[in-house]
Amino acid sequence: MMGRSNSTPEDCNLFSVEIQHQKMIIQNSYNEKLVGILHETGSKEVVIVCHGYRSCKDRIPMVNLAAAFATERISAFRFDFAGNGESEGSFQYGNYHREVDDLRAVIQYFEHEKRSVAAIIGHSKGGNVALLYASKFDDVHNVVNISGRFDLKRGIEGRLGKDYLQRIKKYGFIDVANRKGNIEYRVTRESLMDRLTTGTSAACQLIPQNCRVLSIHGCADKIVPMEDAMEFAKHISNHKLHIITGADHEYTCHQNELASIVLDFVKSGSSHDMVPTAKKSLRSSL
């Protein structure tokens with residue numbers, strides 16, 4: 001079910017906790033191999049970090065968030081959804097519920113390994129996937145939604161053009177090209193409807209009260225407007241909102257602030273001791 005490459009150890013902080021960067025393969029329910037990197041510290045708990053639209057596990061802030069947790073002796077796993085990065089499968093526009101299934105496979109893997117998933121952290125579309133997961137399953141009680149989009153009807157014209165509905169009805173698909181004119185991916189009628197029919201409002205209201213949700217948004221985000229974060233606050237019962245002044249969509253100049261906010265939230269809601277056993281023994285002997 002899982003394969004690992006050679007691990008890369010590194011020392012961090014005063015007590016020199018060894019962090020193993022382990023490349024892992026987890027199979028989803030569609031027999032596709034999902035590739036991820038586990039920042040292994042030896043903690044029982046692990047946080048899952050989810051990337052956004054046409055992104056991957058190796059983009060910021062995914063790498064920096066996982067590294068920040070590892071520095072705090074909390075294991076973190078960042079992975080590629082099917083059709084993205086190194087994972088198998090073909091890229092599909094929309095695909096929210098399939099990505100929820102990918103996330104489910106990852107969480108079930110760690111549960112099978114007797115690990116406890118302390119939190120799901122999602123950036124951009126990954127934030128939506130994390131919230132959809134929480135609306136469907138009641139096994140993770142800390143969710144961080146970073147720059148997720150509340151109104152999924154917005155943002156489509158910027159990628160597909162103002163007449164996208166007419167074109168998709170006429171041709172059944174829209175090919176999306178880059179600036180050089182090369183086709184990057186195809187949007188089918190089915191994949192477009194997957195996005196248009198994904199009910200964010202209804203999903204948010206299904207998230208149970210015992211699930212703590214933090215939404216973080218940058219006030220300088222030009223991809224997803226800050227108003228979307230306000231909507232999440234209105235529709236999720238157990239919700240905290242944090243706006244970062246001057247931050248863009250990827251928090252380019254605010255990585256440390258973002259990591260600090262996420263860490264504080266997750267650690268304050270943990271019901272288990274995140275410190276590895278070996279670590280505790282070292283500290284007790286000092």
Side-chain angles (χ1 to χ4, degrees), residues 1-5 22-40 45-59 61-63 65-66 69 75-113 115-149 152 185-188 190-195 197-200 203-204 206-207 211 213:
M1 186 176 183
M2 177 195 74
R4 294 182 178 178
S5 68
Q22 300 173 347
K23 192 170 189 178
M24 297 171 48
I25 296 175
I26 298 173
Q27 188 167 289
N28 67 11
S29 58
Y30 305 96
N31 294 319
E32 296 164 327
K33 294 178 180 178
L34 307 177
V35 180
I37 301 293
L38 176 64
H39 297 237
E40 180 65 272
E45 293 197 334
V46 59
V47 298
I48 311 298
V49 184
C50 305
H51 67 77
Y53 175 80
R54 284 184 63 78
S55 185
C56 70
K57 65 183 180 304
D58 298 322
R59 293 281 299 276
M62 279 63 69
V63 173
L65 282 168
F69 273 92
S75 298
F77 182 68
R78 52 187 170 90
F79 73 101
D80 295 324
F81 287 111
N84 294 269
E86 295 182 278
S87 292
E88 292 182 345
S90 58
F91 173 80
Q92 298 291 330
Y93 187 80
N95 222 32
Y96 288 86
H97 295 283
R98 279 285 294 263
E99 292 188 357
V100 170
D101 292 341
D102 286 352
L103 180 55
R104 180 64 173 165
V106 168
I107 290 174
Q108 286 184 319
Y109 168 79
F110 283 104
E111 289 176 345
H112 183 265
E113 292 295 304
R115 306 290 287 268
S116 174
V117 177
I120 307 169
I121 303 164
H123 174 248
S124 195
K125 184 187 177 187
N128 289 87
V129 173
L131 293 171
L132 286 170
Y133 183 94
S135 74
K136 189 174 181 181
F137 302 101
D138 188 22
D139 55 356
V140 179
H141 302 300
N142 295 291
V143 172
V144 182
N145 162 40
I146 304 171
S147 303
R149 187 184 293 278
L152 296 181
Y185 61 95
R186 172 168 290 186
V187 178
T188 63
E190 181 183 15
S191 63
L192 176 62
M193 293 309 297
D194 178 271
R195 173 164 174 160
T197 58
T198 296
T200 306
C204 287
L206 288 173
I207 297 174
C211 181
V213 177

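Only a predicted model underlies this, so the values are computations on that prediction, with no experimental measurement involved.
Y30 pairs by the ring pair (Phe, Tyr, Trp, His ring centres under 6.0 Å) definition with nothing, not counting sequence neighbours. In this structure, T200 has no side-chain hydrogen bond (donor to acceptor under 3.5 Å, both in side chains) partners at least two apart in sequence or on a different chain. Every residue two or more places apart in sequence or in another chain that forms a side-chain hydrogen bond (donor to acceptor under 3.5 Å, both in side chains) with Q92 is listed here: S90.
To the nearest 0.5 angstrom, D80 atom CG is 11.0 Å from C50 atom SG. To the nearest 0.5 Å, atom SG of residue C211 and atom NE2 of residue H141 are 7.5 Å apart. Between the CD1 atom in I26 and the OG atom in S87 there is a gap of 9.5 Å [rounded to 0.5 Å]. Between the OH atom in Y109 and the CG atom in N28 there is a gap of 15.0 Å [rounded to 0.5 Å]. If you take CG on L34 and CG on D102, they are separated by 4.5 Å, rounding to the nearest 0.5 Å. Atom CG of N84 sits about 9.5 Å away from atom OH of Y53, to the nearest 0.5 Å.
Residues F79 and I37 form no side-chain contact, since every pair of their non-hydrogen atoms from C-beta on lies 4.5 Å or further apart. Looking only at side-chain heavy atoms (C-beta outward), L131 and V213 come within less than 4.5 Å of each other. Two residues are said to be in side-chain contact when any heavy atoms from C-beta on lie closer than 4.5 Å; I207 and V143 fail this criterion. In this structure, the side chains of V106 and F110 come closer than 4.5 Å at one or more pairs of heavy atoms. Between I146 and L65 the shortest side-chain heavy-atom distance falls below 4.5 Å.
Of the possible polar contacts, one joining the N145 side chain to the G148 backbone as a donor-acceptor pair under 3.5 Å is found. Of the possible donor and acceptor atoms, one in the side chain of T197 sits under 3.5 Å from a partner among the backbone N and O of M193. Listed for the Q22 side chain is no donor-acceptor partner under 3.5 Å among the backbone atoms of L38.
Here the options are V47, V117, I48, L103, the test is side chain to side chain contact (heavy atoms under 4.5 Å, CB included), and the partner is V140; only V117 passes. Here the rule is side chain to side chain contact (heavy atoms under 4.5 Å, CB included) with F81, and of H51, E32, K125 only H51 fits it.
Of all heavy-atom pairs between D194 and G94, the closest is OD1-C, 3.4 Å. Nearest approach of C56 to M62, heavy atoms of both residues: O-CE, 3.5 Å. Contact detail for R149 and N128: the closest heavy-atom pair is O-ND2, 2.6 Å.
Annotation: cation-pi pair R104/F137 present, NZ/CZ under 6.0 Å from the ring centroid and within 45° of its normal. Cation-pi contact between R186 and Y93: absent, since separation from the ring centre below 6.0 Å together with deviation from the ring axis within 45° is not met.
Salt bridge R115/E40: present, at least one basic N to carboxylate O contact under 4.0 Å. Salt-bridge check for K57 with E86: passed, with a basic side-chain N closer than 4.0 Å to an acidic carboxylate O. Ion pairing of D58 with R78 is present here, as a side-chain N (NZ or NE/NH1/NH2) and a carboxylate O approach within less than 4.0 Å.
In the displayed structure, E111 atom CD is contacted under 6.0 Å by more than 12 heavy atoms of other residues, nucleotides or ligands.
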- Task: Tell me, with the steps shown, if M24 and V35 meet side-chain contact (heavy atoms from CB on, under 4.5 Å).
- Result: CA-CA 6 Å; M24 297 171 48; V35 180; over 6 Å; no

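Aromatic ring centroids of F69 and H39 lie 6.0 Å or more apart.
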